[in-house]
Structures are given as structure tokens and as C-alpha cells.
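The next block holds one structure in the form of C-alpha cells; read it before the comments.
Note on naming: letters A, B, ... go to the chains in the order of the sequence lines (proteins, then strands), and numbering restarts at 1 for each one.
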Number of protein chains: 4
Amino acid sequence: MLPEPILDLAHLGHMELLTPKPDESLRFFIDVMGMTESGRQGNSVYLRGWDDYERHTLKLTAAKLPGMGHFAFRARSQQALERRVAALKSSGFDLGWTDGDVGHGPAFLCQDPDGHKVELYFETEWYDPPPELRPALKNQAQRFPGRGVNVRRLDHLNCLAVDIRANREFFENYLGFRLTEQIVLNDGTEAAMWMACSNKSYDFAYTQDHTGTKGRFHHVTYALDSRGSVLRAADIFMENGVFIESGPHKHAVQQTFFLYVYEPGGNRVEVANAGARLILAPDWKTIRWTEKERKRGQAWGMKTTESFHTYGTPPVEMPAHAPLVEEEEDTSLVVTNLDSWF
Amino acid sequence: MLPEPILDLAHLGHMELLTPKPDESLRFFIDVMGMTESGRQGNSVYLRGWDDYERHTLKLTAAKLPGMGHFAFRARSQQALERRVAALKSSGFDLGWTDGDVGHGPAFLCQDPDGHKVELYFETEWYDPPPELRPALKNQAQRFPGRGVNVRRLDHLNCLAVDIRANREFFENYLGFRLTEQIVLNDGTEAAMWMACSNKSYDFAYTQDHTGTKGRFHHVTYALDSRGSVLRAADIFMENGVFIESGPHKHAVQQTFFLYVYEPGGNRVEVANAGARLILAPDWKTIRWTEKERKRGQAWGMKTTESFHTYGTPPVEMPAHAPLVEEEEDTSLVVTNLDSWF
Amino acid sequence: MLPEPILDLAHLGHMELLTPKPDESLRFFIDVMGMTESGRQGNSVYLRGWDDYERHTLKLTAAKLPGMGHFAFRARSQQALERRVAALKSSGFDLGWTDGDVGHGPAFLCQDPDGHKVELYFETEWYDPPPELRPALKNQAQRFPGRGVNVRRLDHLNCLAVDIRANREFFENYLGFRLTEQIVLNDGTEAAMWMACSNKSYDFAYTQDHTGTKGRFHHVTYALDSRGSVLRAADIFMENGVFIESGPHKHAVQQTFFLYVYEPGGNRVEVANAGARLILAPDWKTIRWTEKERKRGQAWGMKTTESFHTYGTPPVEMPAHAPLVEEEEDTSLVVTNLDSWF
Amino acid sequence: MLPEPILDLAHLGHMELLTPKPDESLRFFIDVMGMTESGRQGNSVYLRGWDDYERHTLKLTAAKLPGMGHFAFRARSQQALERRVAALKSSGFDLGWTDGDVGHGPAFLCQDPDGHKVELYFETEWYDPPPELRPALKNQAQRFPGRGVNVRRLDHLNCLAVDIRANREFFENYLGFRLTEQIVLNDGTEAAMWMACSNKSYDFAYTQDHTGTKGRFHHVTYALDSRGSVLRAADIFMENGVFIESGPHKHAVQQTFFLYVYEPGGNRVEVANAGARLILAPDWKTIRWTEKERKRGQAWGMKTTESFHTYGTPPVEMPAHAPLVEEEEDTSLVVTNLDSWF
């Protein structure tokens with residue numbers, strides 16, 4: 001009889017995005033993505049999609065360089081959180097408890113083998129909309145905004161890492177994630193991994209950083225309701241002058257219908273179709289993609305844009321079309337005062 | 001600290017639908033719904049949607065009257081199954097082990113307070129498509145059929161019951177389901193319940209049987225990818241002369257985008273939009289709808305068709321448009337030989 | 001050899017909507033419908049959808065009662081306009097030339113047998129967007145707004161009339177419209193007509209006014225890109241507290257995927273799926289629907305809401321759910337000063 | 001006062017596609033595209049989409065090489081046809097009358113400056129579906145098939161030509177087409193043209209043949225209802241092993257949401273979203289795209305596949321992925337007997 005799976009984590013809760021252009025990034029997330037501001041503190045603004053049940057899912061923080069500050073998983077219960085903390089303690093990956101943040105209670109901080117900061121928490125603040133944002137149906141967190149892309153909820157994020165296998169083992173062994181799909185090269189090197197703790201086919205992904213730099217970020221994804229909504233998002237990004245890197249198209253891996261853009265701070269942001277594909281099998285058998293299979297391109301044959309394989313934040317090498325290239329001079333400015341955000 | 005939730009069941013696995021018109025029902029599920037036959041045994045044909053990972057999700061059985069034979073949940077592990085069996089033993093709801101069926105291993109049978117048969121199992125057969133049904137992408141169970149409505153996967157089912165509260169307590173206490181939404185009348189009577197063991201907002205629902213008859217069935221639902229696909233399904237049902245009872249429209253409860261038809265055997269079948277709305281919160285707070293709120297009709301104001309509240313299978317009283325009224329004479333025929341199915 | 005069809009009119013150009021609640025109506029069309037203001041004069045505000053090529057397609061005019069002021073067709077050329085004027089002169093339907101209005105040149109005014117005012121014009125002003133509304137693609141009139149329902153362009157309008165046959169003959173003989181569909185009752189009475197001068201399957205419709213009142217208005221329709229967009233519009237109307245009278249659903253007649261709401265001034269407004277169905281045949285054979293066929297309800301079986309057959313503007317009798325019932329007292333206010341519109 | 005536009009042609013009626021693999025091509029159009037056979041004669045099979053009102057819109061003819069046999073426009077009336085014939089007589093482009101074909105009456109044949117055969121006709125046969133293909137709604141030509149891609153109707157076609165300007169003048173002067181969009185290079189060379197006789201934004205297009213070969217064909221396009229339907233078509237093409245050359249994506253020119261594949265005979269076939277964008281202005285101002293603007297790629301930034309600019313039928317040079325390369329040997333077979341088609 002197989003050992004039972006660990007079921008202690010419920011879902012990706014939020015992530016912190018670092019931006020050297022906080023004003024422009026904030027306008028992007030509110031006006032173009034259609035998100036709602038739900039708090040401010042220090043150098044950070046807290047944001048949410050209309051179907052996110054917690055107070056926020058995105059913490060946007062002014063910083064010298066773009067990148068990811070941390071990401072966080074909500075545990076299924078206080079007991080489940082404590083089991084994960086017990087497993088991490090003295091593992092070398094544990095960093096210790098924090099007092100929490102706007103929107104959630106005490107969190108246990110750890111870091112993966114690549115140095116990304118990962119937070120675990122259970123106590124959270126359910127979003128309580130102000131009167132003008134009350135929804136018509138009480139089973140919905142917030143009124144549908146009718147603004148820009150109208151992103152629904154945080155879906156997943158993707159980090160770059162030097163050693164995918166080491167990271168896979170960390171997330172499997174210490175946090176109980178299931179590996180739903182992966183890419184394994186001819187020489188046995190693991191090149192990418194997609195992992196889940198929920199019925200979504202992945203809650204996060206890691207892909208190999210070819211520059212050998214640790215701790216970088218690839219993209220964060222917000223979900224839309226249908227593939228048609230992703231196409232409409234492309235129209236809206238185009239109208240607003242947002243750089244579209246790739247898509248809309250369908251990944252062979254996970255069959256995600258994707259659209260990648262760069263937000264003004266230089267971070268890659270994805271909108272994707274949510275939820276039609278679920279992993280209901282509790283004993284899902286990992287899908288392994290070979291080097292040869294990956295060379296076929298995306299599901300319908302499109303070749304993947306070069307920058308998709310090289311560009312991450314903070315940037316190490318720049319793709320030709322990345323807005324950061326032209327805007328390099330501005331990135332030396334550190335915005336330390338949120339009063340200047342509007 | 002709250003007690004931890006029970007997480008032993010993974011998802012609704014399959015259901016058995018009884019039909020007095022097996023030939024016509026089979027043609028409906030294959031030609032109109034776009035399902036695939038994956039086995040036959042005795043008086044039953046086994047069917048599946050293209051994204052169902054198990055061998056079948058629908059067992060269609062010839063019978064004197066329409067209705068539901070049993071439904072089944074897959075456990076998350078063998079250990080989880082045994083925990084549920086231990087809880088049920090001597091509860092009065094337990095009926096005992098069966099040897100399994102086409103497509104799955106030993107199952108523990110029980111019955112809810114209303115007498116519906118519920119099966120629990122873990123061992124299952126993953127669908128292995130024949131060459132002509134192999135998908136282009138290996139993370140998909142079967143080729144997209146391109147036939148009729150092209151239903152994706154089993155989504156949920158809905159039973160009628162005389163005492164909703166008793167059934168809620170049974171599914172909460174013995175099987176670990178979470179109550180995501182419910183209707184409670186002014187006098188405190190529970191009139192309907194929606195319950196989940198996965199991240200779907202419900203894996204099954206029960207609504208009150210106003211006729212006072214026990215053990216009846218309301219509908220089974222297959223999922224489609226988008227609301228636009230549900231509209232196309234309505235066109236296809238219309239072209240094929242299938243009786244549309246209600247929809248396409250949006251329920252206020254659960255926000256399901258629904259379309260209800262009657263299959264030739266007289267059972268209500270739904271196609272609905274899948275997955276955009278997920279319940280990620282591990283401690284979801286039950287949404288309670290009042291009598292007054294229900295009187296507002298569906299989300300966009302449509303009044304619910306009368307027969308939706310009265311018609312179930314086996315039928316007790318017939319709505320005006322139900323095909324069974326005209327076809328009453330045929331229901332006395334028991335089809336005992338599957339050779340006649342084509 | 002059949003006589004050649006008259007091809008002098010190109011399309012429905014604009015219509016004037018009267019509202020006793022000009023502020024609320026204007027906010028509805030801009031914030032909820034996603035239209036753009038493109039001019040003001042006297043008691044009127046001029047509005048447009050993002051794909052309308054002319055300066056405006058809706059003239060919203062403050063008035064004591066809701067209803068329709070006039071509607072206008074653009075001729076295919078100056079010569080074509082003059083041919084229609086020559087035909088109308090001394091017909092008894094002619095009212096004479098006007099100097100034009102904001103956005104278009106001289107117009108010839110006439111009235112149909114029911115007394116609705118109809119304007120013909122050729123000279124028009126092409127919309128010239130301000131910098132912030134310039135589209136990314138130069139073959140588009142205006143930037144996609146990303147606000148509310150985002151209606152695309154004026155599609156058609158629908159008047160009520162006492163004598164449909166007399167109106168049909170007027171539009172066929174004097175203006176050259178083709179009758180694409182109609183409803184003819186058992187006693188030979190024409191009950192409704194759909195007429196076209198373009199490849200759209202209708203540019204306007206008339207339905208019988210059972211109250212025997214002349215000159216009333218049924219609805220104006222703006223087009224969306226897909227049926228999925230109409231569903232999203234329903235969500236947005238619901239969130240904004242807009243009264244939904246009927247839909248989304250599919251008409252059997254013309255197969256329009258419809259959604260009817262009441263704007264704050266009390267006029268019925270439709271959003272519908274545009275353009276997939278075109279009438280390309282130059283000699284299209286009129287589809288005649290019988291009384292019996294109409295009793296089947298809409299395409300997918302929904303029964304038509306009673307108020308859809310009785311309510312028009314100005315109102316004569318009120319349906320139970322019409323907002324005007326509750327708001328009757330306010331309609332005695334004539335808003336004469338546009339300064340109060342915001 | 002400007003001269004009046006010529007309005008003698010109503011729409012693209014049908015086209016003849018030549019295929020060296022008639023069996024495979026026929027299976028593609030019926031099983032994958034979802035078209036219906038409506039006649040056979042000689043080496044040809046006649047096919048139609050479910051919303052085509054004429055008996056056929058595609059004549060598939062067995063031939064040694066792939067390519068286009070002829071295409072045909074239906075006139076608005078017999079008188080309009082005779083006016084066009086009178087204009088063409090003695091023009092040097094006229095080839096004379098034919099007796100007609102399956103589905104239509106006498107046709108006047110001419111050729112454009114590049115040598116493509118163009119047919120004009122008025123008398124036509126309206127499609128009369130057999131009982132099993134009767135639609136539920138009588139304003140529809142045929143039952144929705146529920147098979148494969150379910151293409152709706154013929155939308156447009158695209159030829160290659162050596163001298164675009166000469167062809168533009170031919171279609172403007174002799175046939176009365178309006179130029180809705182064009183590409184003009186820096187040196188003044190016209191590189192592509194999109195022309196319309198209906199309210200569709202184009203009924204056909206011509207693009208420059210860089211090989212200097214006359215009379216070649218680029219693609220034929222069938223319309224679908226929405227962009228979401230085009231995405232589903234991509235899934236279905238992928239599942240059926242059909243080579244996808246480009247898309248789904250949005251052209252900047254005409255904003256067509258496109259998907260290009262190669263049918264088994266080697267001809268490029270497109271499915272595209274229909275009708276949302278209409279040209280209602282009778283005096284539409286031609287959109288001129290410059291060389292620089294074209295270099296930006298498609299609407300959302302995708303670079304156009306090289307083969308899209310070079311591959312046409314009959315082939316002169318082959319793109320790497322064209323199935324004809326591998327299957328070159330078979331193209332020498334002339335299929336002369338339709339009995340072998342199945």
C-alpha cells in the first residue's frame with residue numbers, strides 16, 4: 001500500500017512583486033488588468049482580483065529592480081501549518097516566523113534551494129468590500145469591475161531556478177506538492193516542473209535559468225473565465241500600449257491558453273484561461289515531456305519566442321523587445337515614498 | 001483551534017443512470033452529448049467524456065423506470081477509503097463491500113438517509129484509448145471527439161430527498177463533505193444543499209422532494225469549457241429534437257451557467273460551464289440563501305420553470321412538456337438484451 | 001425578368017432617444033454600456049460605440065416622457081438621396097428638408113404611416129478621435145474602451161405600430177427596404193416585420209402595438225462581438241442594478257441572441273450578437289412565421305415575457321416589473337438645462 | 001458630386017479547388033471542416049457550409065496539381081449581370097458565356113490580368129436539404145452538423161498575382177468592387193488589396209506573388225461564429241493531424257481572427273471569425289498600410305510565418321513544413337475516376 005499524500009497546503013495565497021516603476025505598475029494593475037486596491041503600507045500597495053476571497057493576492061512593492069519578493073501558500077488548517085513548520089525546522093531551508101502582514105496572520109518563512117522566499121500561513125482576512133464594490137450575488141467576493149481585462153483571481157506563478165531537481169524535491173518532501181508535469185532532457189536533467197496542492201493542474205511552476213543566476217522570477221498569472229476572454233485581453237493590452245511578448249496561444253504542457261505581457265516595471269505577467277482543466281485524480285501520474293517533444297513548439301505549432309526562455313526578473317540579459325532596454329536609466333531610481341504613486 | 005477537516009474523498013467518480021429506453025438513451029449520450037462507449041456488461045453500457053481520466057463516468061443501465069442506480073466517490077488513497085469504511089460500519093447506513101465493477105475495484109456500498117445508494121472505492125482503471133482515439137497531447141485522456149455537444153467530463157449530480165438536513169449530516173459526518181451553499185426556509189427547514197470534497201464549488205447537490213417520495217433523482221451534469229459552449233449545446237439539442245426544460249441561464253446559487261434537457265429515457269441531464277469558479281478556501285463559509293432571496297429567480301431574473309421543482313426520476317407527477325407523458329406506454333418494456341441496443 | 005431592387009439606402013445611421021432622466025440615462029450609456037460622448041447641443045448629448053464610423057449613432061435628448069424622437073438612414077450617395085426625396089415628395093409622408101444636426105448635413109424628414117419620424121441624409125462627419133481615444137489599429141474608428149459592456153456599434157431599432165402592413169408598404173415602396181422576415185396571423189394580419197437595406201439580416205423591425213396607440217418605440221440595439229459577450233453584459237447589468245427584462249436567449253425569428261434591459265429613462269435597450277448571420281442573397285425569400293409557430297416560444301423554448309409584448313415608450317400600460325412604475329412621480333420633471341446632467 | 005458606385009455584384013458565390021488527393025481532400029472538408037456534400041459530376045464533388053444558402057460554395061475537383069480552378073460572383077439581378085457583361089465585352093478580359101454548372105445557371109467567364117478565371121452569374125439553385133438535414137428553425141439553410149469544425153459559410157478567398165495594381169483596376173472598373181484596405185510599398189508598388197462588394201470588409205483579397213508566377217492561389221476562407229470557435233477549430237485540426245501553418249491570431253489588416261491550415265491536397269485553407277466587423281459606410285475610405293507598418297507583424301505582435309509569404313498553389317517553391325514536400329511523388333497521379341474517392 002502506497003504512503004498517503006500530504007494534504008497540508010490549500011492554495012497559492014499571494015505573491016509580492018517588486019517594481020522600479022511603482023506608479024506605472026500600479027496603474028497597469030488597476031486600469032489595464034482591472035484589479036482593485038485593498039490596502040497600503042510602507043512601500044507597498046495591496047491588490048486583488050474580483051474573485052479572490054482573501055483581502056489581497058498581489059503585494060506590489062517599490063524596489064530598485066523588478067523581481068519577486070516572496071510568495072505564500074495558505075495551509076488547510078492551523079494544525080496543517082504546524083506540521084509543515086515542524087518538518088521544515090532544522091532542515092536548513094527554514095528562516096522562521098514573521099508577525100504576518102496586511103491581510104494575514106503569522107507566517108513561517110522558508111527558502112527553496114534557489115533562494116526564493118516562500119511563506120506559509122493559515123490565519124487570513126476575508127475580503128470585505130466597501131458598499132460600492134458589493135456584488136449582486138452574495139457568493140462572490142466583490143463586484144465584477146467592468147474595467148480593462150477584469151482578471152478573476154490569482155492562478156499561479158513561475159520561478160526560474162538553477163537546479164530544478166533540487167527544488168522539486170524540496171517542494172515534494174517538505175511541502176507535499178504533487179508533480180503534475182515536468183520536462184526531462186535527454187541527459188536526465190530536469191528542465192521544468194509544474195506542481196499542485198489543489199485540483200488546479202498546477203499552483204506554481206519552475207523552469208531552468210540558463211544564465212545560472214539564482215532566485216529569479218519568470219511570471220505571475222491571473223485567471224480569466226474563457227479563452228475568448230484572453231483574446232479580448234490581447235486587444236486591451238494592444239490598445240494600452242502594453243508589450244505583448246507571446247500569445248495568445250495554447251501551451252502543449254498543461255494546455256494553458258496563455259498571453260504574456262511585460263508590466264511597466266519589467267516583470268512578465270500572464271493572463272490565462274482558468275479552471276476548465278482540473279486534476280481530480282488523487283494519484284495523478286506525472287506527465288514527462290522529452291527534449292524532442294518540446295522541440296515541436298506549442299500545441300498548435302507556434303514556435304516559442306526566444307525571450308520567453310531567457311528573460312526573467314531581475315534581468316540578467318535583455319531580449320530585444322523588452323521595454324527595460326529602452327528604459328534602463330529609470331531603473332536606478334528607488335521609489336521610497338508611496339505618496340508619489342499617483 | 002478548530003478540528004481538522006476530513007479529506008478522505010477525492011471526487012465524484014461515476015453514476016449509474018437507469019433508462020427504460022436504452023437504445024435511444026445510448027444514441028443520445030454518444031451522438032448528441034458526444035460521449036464515448038468504453039465497455040458493456042449485462043444490461044449496462046459504460047460511457048465517458050473526453051477528459052474523464054477513469055474508464056467510465058456514466059453507467060447506463062436498461063431498467064423498467066428511469067432514475068439513478070447508484071453514484072460513487074473515489075477515495076484519495078486506500079487508507080482514506082478504509083477510514084471511511086470504519087466510520088460507516090455499524091452506522092446503519094452501511095451495506096457492505098462489493099467486488100467492484102467494470103473499471104474499478106472493490107467498493108463499499110452505503111445508503112444515505114433517503115435511500116440513495118452511494119459507493120466508495122479507490123482502485124480504478126485509467127482509460128487507455130484505442131489508437132483512433134489517442135489524443136495529440138499526451139496530458140489528455142482521449143482525443144477531442146468533434147461530435148455533437150462534446151461534453152468534457154462528469155461534473156456533479158443532484159438528488160431529490162425528503163429530509164435535506166438528515167442527508168447533510170450524513171455526508172458531513174460520515175464522508176467529510178463541506179457544505180458550500182444551502183437554502184434555508186423561513187421556518188428553518190433546509191430546502192437544498194450543495195456539497196464538495198474537491199475544489200469544485202460542489203460535487204453534488206440535494207434538493208427537497210415536495211412529493212414526499214424517497215430516493216429520487218434530479219439530474220446529472222457534464223462539464224463544458226465555457227459559457228459559449230453551453231449556448232452551442234442548446235443549438236445542437238434543438239437541432240436534434242431534444243426537449244430543453246430550462247436555460248441556458250445563470251443560477252444565482254453557485255453561479256452555474258446551466259442548460260437542462262431530458263434524455264430519451266426521461267432523466268434530466270445538464271450541461272454546464274466548468275471550473276472557472278473554484279473554492280480554494282479550505283475553511284469556506286457556507287452561503288445561506290433565504291426563502292426571500294430564492295423568490296428573485298435566477299441570477300439574471302429568469303423565473304425558474306415549474307417542472308424544475310417537481311419533476312424527478314422515477315417520475316411521480318409529470319410536467320406538461322415531459323416526453324414521458326406521451327411515451328408512457330413504452331416504459332413498461334424492460335430491455336434485457338443488449339444485443340438490441342443498436 | 002423581375003424589376004431591379006432599389007439600393008439607395010446604406011444603413012441605419014442614428015436614432016434619437018428621449019429620456020425623462022437625462023443624467024441617469026447618460027451615466028447608463030457611458031458607464032454601463034461603455035459608449036463615448038462625442039458632442040452636446042441644446043438638450044441633447046451625442047453618443048457612439050467604438051466601432052461606429054460616424055460621429056454619433058445615439059442622440060440622447062431630455063424630454064418629459066421616454067420614447068423615440070426620430071431615426072435616420074444614410075443614403076448610398078447624394079444621387080441616391082435625391083431619388084428617395086423625389087419619390088417621397090407629395091406622397092403625404094414627406095415633411096421636408098432640415099439643415100442637419102451635429103454630425104451630419106441636410107436631411108430630408110418624413111413620417112411613416114404610424115407617425116414615427118424618419119430622416120434621410122448623405123453628408124456625414126466621420127469620427128475623429130481625440131489623442132487619448134486613438135486606436136492601435138488604424139482600420140478602427142476608436143480605441144476599445146475596456147469599460148462596462150463595451151458595445152460595438154448601433155445595430156438596429158424596433159418600433160411599435162398599429163398597422164404593420166401599411167408600414168411595410170411604406171418602407172418597401174418609398175425607401176426600398178427588403179422584408180427579410182415577418183409574422184402573419186391566421187386571419188392574414190401582419191403582426192411584425194423585419195426589414196433590411198444592408199447585408200445585416202435586419203436594419204430595423206416593427207411589431208404590432210396592441211394598445212392601438214401610434215408612434216411608440218420598442219427598443220434600440222447595440223451590437224457585441226459574440227454570444228459570450230452578451231452573457232458578460234448580463235453580469236454587468238446585474239452588478240449595476242439595471243433591470244433585465246428578458247434574456248440572454250435566442251430568438252427563433254432572425255436567430256438574434258438577445259438581452260433586453262430598461263435604461264433609467266424607461267426605454268428598452270438591447271445588446272445582441274452581431275453579424276455572424278448575414279443575408280448575402282440579393283433576392284432573399286421572406287421568411288413567414290405563422291401564429292402557431294410563434295406560440296412555440298423562443299428558439300430554445302423559453303416563453304417570452306409578457307411585458308415584451310405590451311411595454312413600449314412612451315408607456316401606455318405598465319408591466320409589473322418596469323422601473324417606471326415606481327418612478328412615475330419623477331417623469332413629470334422636464335430637464336431643460338444640460339448643466340445639471342452631471 | 002461624386003459618381004455613384006457600381007452595385008451590380010452581390011457576393012462571392014463559390015470557388016473551385018483543385019486537388020491531387022481528391023479522397024483525402026474530400027474527407028478533410030466533410031469530416032474535419034464539417035461541410036456537407038450536395039452533388040457530384042465528372043471529377044468534381046460539390047460541398048457547402050450549413051449557412052450557405054446556395055446549393056454549394058465549394059467545387060472540389062480532382063487534378064494533377066493543387067490550385068484554384070475558378071471563382072464566381074453572384075450578380076444582384078439579371079439586369080446587373082448584363083450590365084457587367086456589357087462592360088466586359090471586348091475588354092480583352094472576356095472569355096464568354098458558359099451553360100452553367102451544378103447549382104447555377106448561365107455564367108459569363110472572364111479572366112483577371114493575372115489569368116485567374118472569374119465567373120459571373122445570377123440564376124442559382126437554393127439549397128433544399130433532405131429530411132435528415134432539415135433545420136429546427138426555418139430561417140436557416142441546413143441543420144447545424146455538430147461535426148468537426150462546423151464551418152458556417154464561405155467567407156472570402158485570396159489569390160496571388162504578379163501585378164496587384166492591374167488587378168485592382170480590373171476589379172474596380174469592370175466589376176465595381178470597392179478597395180477597403182491595401183498595402184503600398186515605399187516605392188509606390190501595390191503589394192496587396194482587399195476588395196468588397198458586400199458589407200463584409202472584404203469578399204476577396206490579392207497579394208503579390210514574389211515568384212513572378214501568374215495565376216496562383218493563396219487560400220479560401222470559411223467563416224465561424226466567434227473567435228472562440230476558431231480556437232476550438234485549432235484543437236480539432238491538431239487532433240486530426242492537419243498541418244497548422246499559422247494562427248490562431250489576429251491580422252492587423254482587416255482585424256481578421258485567422259487560422260491557416262493545409263488541406264491534404266496542399267491548398268491553404270483558413271477558418272476565421274465572421275461578420276462582427278462590417279463596412280456599413282457606402283463611401284468607405286481605403287485604409288493604406290505602409291511598408292513600415294507591415295513590419296510590426298500581426299495585431300498582437302506575432303511575426304508572420306515565412307511560408308505565408310511564399311507558399312501558394314500550384315506550388316513553385318515549398319516551405320519546410322508543407323505536406324506536399326514529403327508527398328511529392330503522389331502529385332503525379334491524376335485521379336480521373338470519382339468512384340475511387342472513398
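Looking at Glu123(D), there are no atoms closer than 4.5 Å to chain C (heavy atoms on both sides), in backbone or side chain. Interface residue Arg76(D): backbone and side-chain heavy atoms are both found under 4.5 Å from chain C. Only the backbone of Gln254(C) comes within less than 4.5 Å of a heavy atom in chain D; its side chain stays farther off. Using a 4.5 Å cut-off between heavy atoms, Leu280(D) contacts chain C through both its backbone and its side chain. For chain D, the nearby part of Ala75(C) is the backbone; its heavy atoms alone come within less than 4.5 Å.
A cation-pi arrangement is found for Arg48(D) relative to Tyr127(D), the charged atom lying closer than 6.0 Å to the ring centre and inside a 45° cone about the ring normal.
No hydrogens or angles considered: a donor-acceptor pair under 3.5 Å links the side chains of His251(D) and Gln298(D). At a cut-off of 3.5 Å, with distance as the only test, no side-chain donor of His156(D) or Tyr222(D) sits close to an acceptor on the other residue.
Options Ile287(C), Val253(C), Asn139(C) differ in how many heavy-atom pairs under 4.5 Å they form with chain D, and the most are formed by Asn139(C). Heavy-atom pairs under 4.5 Å with chain D were tallied for Ala281(C), Ala252(C), Ala10(C), Ala299(C); the largest tally goes to Ala281(C).
Residues of residues 175-183 of chain D lying under 4.5 angstrom from chain C, judged on non-hydrogen atoms, are Glu181(D) in numerical order. When the heavy atoms of residues 223-230 of chain C are compared with those of chain D, the residues falling under 4.5 Å are Asp225(C), Ser226(C), listed by number.
For Arg288(D) and Glu293(D), the salt-bridge test fails: no basic side-chain N is under 4.0 Å from an acidic carboxylate O. With respect to Lys285(D) and Asp283(D), no salt bridge is recorded, no charged nitrogen being found less than 4.0 Å from a carboxylate O.
Val149(C) and Ala233(C) make their closest contact through CG1-CB, 3.7 Å (heavy atoms, listed as atom of the first residue, atom of the second, distance).
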